[in-house]
Protein chains: 2
Amino acid sequence: MKHIRVLLVDDHALMREGIASMLKNVEFIEVVGKVESGEEAINAAQELYPDVILMDIMMKGMTGIEATRWIKEQNNNVKIILLSGEVNQDYISLSAKVGVNGYLPKDVSREALIDAIRKVYGGEKYFSPSIMNIVFEQFYNQEADEKKPAQKSKELTTREFEVLEQVAMGKSNQEVADALFISIKTVETHKTNILSKLGLKNTAELVKYAIKNNIIEL
Amino acid sequence: MKHIRVLLVDDHALMREGIASMLKNVEFIEVVGKVESGEEAINAAQELYPDVILMDIMMKGMTGIEATRWIKEQNNNVKIILLSGEVNQDYISLSAKVGVNGYLPKDVSREALIDAIRKVYGGEKYFSPSIMNIVFEQFYNQEADEKKPAQKSKELTTREFEVLEQVAMGKSNQEVADALFISIKTVETHKTNILSKLGLKNTAELVKYAIKNNIIEL
DNA sequence: TAAAGTTTCAGGGTTTACCCTGATATACTC
DNA sequence: GAGTATATCAGGGTAAACCCTGAAACTTTA
């Protein structure tokens, strides 16, 4: 069996070493390089001609996603697996667009890591279960969107967005109702729908979402 | 030279492996265990009697700070070094209060890591340069605060801070209680006191406060 | 040692949040 | 004009949050 040439990209030495250590005794895998930035990865991809690149998504300077786009532009045969600390909908979505071949959380097991490299090398895509959930969610949302191109910023309706804004400002359901001149029951309905649509659990997460998406200011 | 017995605690397998790999060929260091949570660390600290514990500060469930307090309560001779992804003023401050022996960023070099273990084992404290800057900053701020105790009402206790952190992460009172191993009633008490001290009204405002003051990340 | 502060928890209460079902009016699209 | 989405609201329910009082155990400070 031919060796799979693997390039590691992470700005944290500990992570690079951790991955290298996990792959050390795998006979069909050879780590041909370790670099610490997206910029270096682009160069290394040409010089070391790796089969698979394992790259952190969140790095100082260029992100893993940007680096992926550059590398794929030069050579689309290279397989790229992105590693992410936190599983994030937007990152996965962006990654899919630049043609990533796999996406793993950083708490991946040794077995899953090796499996991912083998599958990706063989032309398959590899996503961990937790990623798959989000991918499917995203997929279904896109399906729904295709039926209705009249989409707002994040699939929320205008009114839902207004309620979200009010709630994130710190208002209670009753206060939101007063502000928007509607019944508290209507506010509750909107709020339930918002939480459901955005996959959130409670007001705390809703506030974080609102800040993250620049819906309210601090 | 006697071996320094080291226990690794991180909920990410890759980080555990990375650290273990860095310490692999150091003759005076022996990694005696690797666990993936604060809870396990408390048990392992008693069973494996390590000299030094390297622990991630941000873990699912119990944080490294919380685990440190428990372990130090059982055996104050164990040296504990916390690892932090992002350098955060409040974490350092809290860590100091629970008697941590060292504090390292996750992008620490192999040399600094080994140096830290040796120093901490020898009874010294070890903080990386970037941490030291913040420690000094904190120190000077405290000096300034002592001159005007007018805003003492706004200061939270260690426990209140931990509760604030958990709540802001989006956890319900019950979930916070489970994470900190206390009654939900205690959580409620703390929460009421926090809201009162900070002049906040509800969870939504609490989340905003936490983000504004870099207590949680987005 | 006494006083003050921290952490823990309970009982018992009110209020609010959250969820489900179902319904009506409106508007826009095919 | 039928179908779909939006926005409105109600009833009725469970769960959770929030508030108040009180108090024990412990630590730190004066």
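Just the heavy atoms: all of them, side chains too, but no hydrogens, waters or symmetry mates, feed the values below. Lettering follows sequence order; numbering is per chain, from 1.
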Could you list, one pair per line, each protein nitrogen or oxygen that sits under 3.5 Å from a nitrogen or oxygen of nucleotides 23-25 of chain D, together with the distance?
none

*Could you state the CD-C1' distance from B:E205 to D:dC18, rounded to the nearest angstrom?*
14 Å
*asked:* Assess whether a salt bridge exists between B:K34 and B:E17, defined as any Lys/Arg side-chain N lying under 4.0 Å from an Asp/Glu carboxylate O.
replied: yes
*Between C:dC9 and B:T186, is there an OP1 or OP2 to side-chain N/O distance shorter than 4.0 Å?*
yes
*For B:L195 and D:dC18, what is the distance between atoms CG and P respectively, to the nearest whole Å?*
6 Å
*Is there side-chain contact between B:N173 and B:Q166, with at least one heavy-atom pair below 4.5 Å?*
no
*Looking only at side-chain atoms of B:T157, point me to the closest of C:dT7, C:dC18, C:dC9.*
C:dT7
_How many whole angstroms separate atom CG of B:N193 from atom P of D:dT21?_
13 Å
*For B:M58, does the CE atom have more than 12 heavy-atom neighbours from other residues, nucleotides or ligands under 6.0 Å away?*
no
_d(CZ, A:R159; P, D:dC9) in whole Å_ = 9 Å
*Taking only residues two or more places apart in sequence, or in another chain, which ones meet B:E40 in a salt bridge (Lys or Arg N to Asp or Glu O under 4.0 Å)?*
none
_Looking only at side-chain N and O atoms, does B:E39 offer a donor or acceptor that is under 3.5 Å from a partner on B:N43?_
no
_Under a 4.0 Å threshold between the charged nitrogen and the carboxylate oxygen, would B:K106 count as salt-bridged to B:D56?_
yes
*From D:dC18, C:dC18, C:dT7, pick the nucleotide closest to the side chain of B:H190?*
C:dT7
*Using whole Å, report how far CG of A:N202 lies from P of C:dT16.*
18 Å
*Within this structure, what is the CD-to-P distance between B:E188 and D:dA15, rounded to whole angstrom?*
16 Å
*Less than 4.0 Å between a side-chain N and a carboxylate O, is that true for B:E205 and A:K171?*
no
*asked:* Under the side-chain contact (heavy atoms from CB on, under 4.5 Å) test against A:Y103, which residue among A:L83, A:I57, A:I81 passes?
replied: A:I57
_Could you tell me how far apart B:K201 (NZ) and C:dA17 (P) are, to the nearest whole angstrom?_
10 Å
_Pair A:N101-A:K72, side-chain donor/acceptor within less than 3.5 Å_ = yes
*To the nearest Å, how far apart are A:K197 NZ and D:dT6 C1'?*
9 Å
_Can you list, in residue-number order, the parts of residues 172-183 of chain B that come under 4.0 Å of DNA chain C, counting heavy atoms only?_
B:I182, B:S183
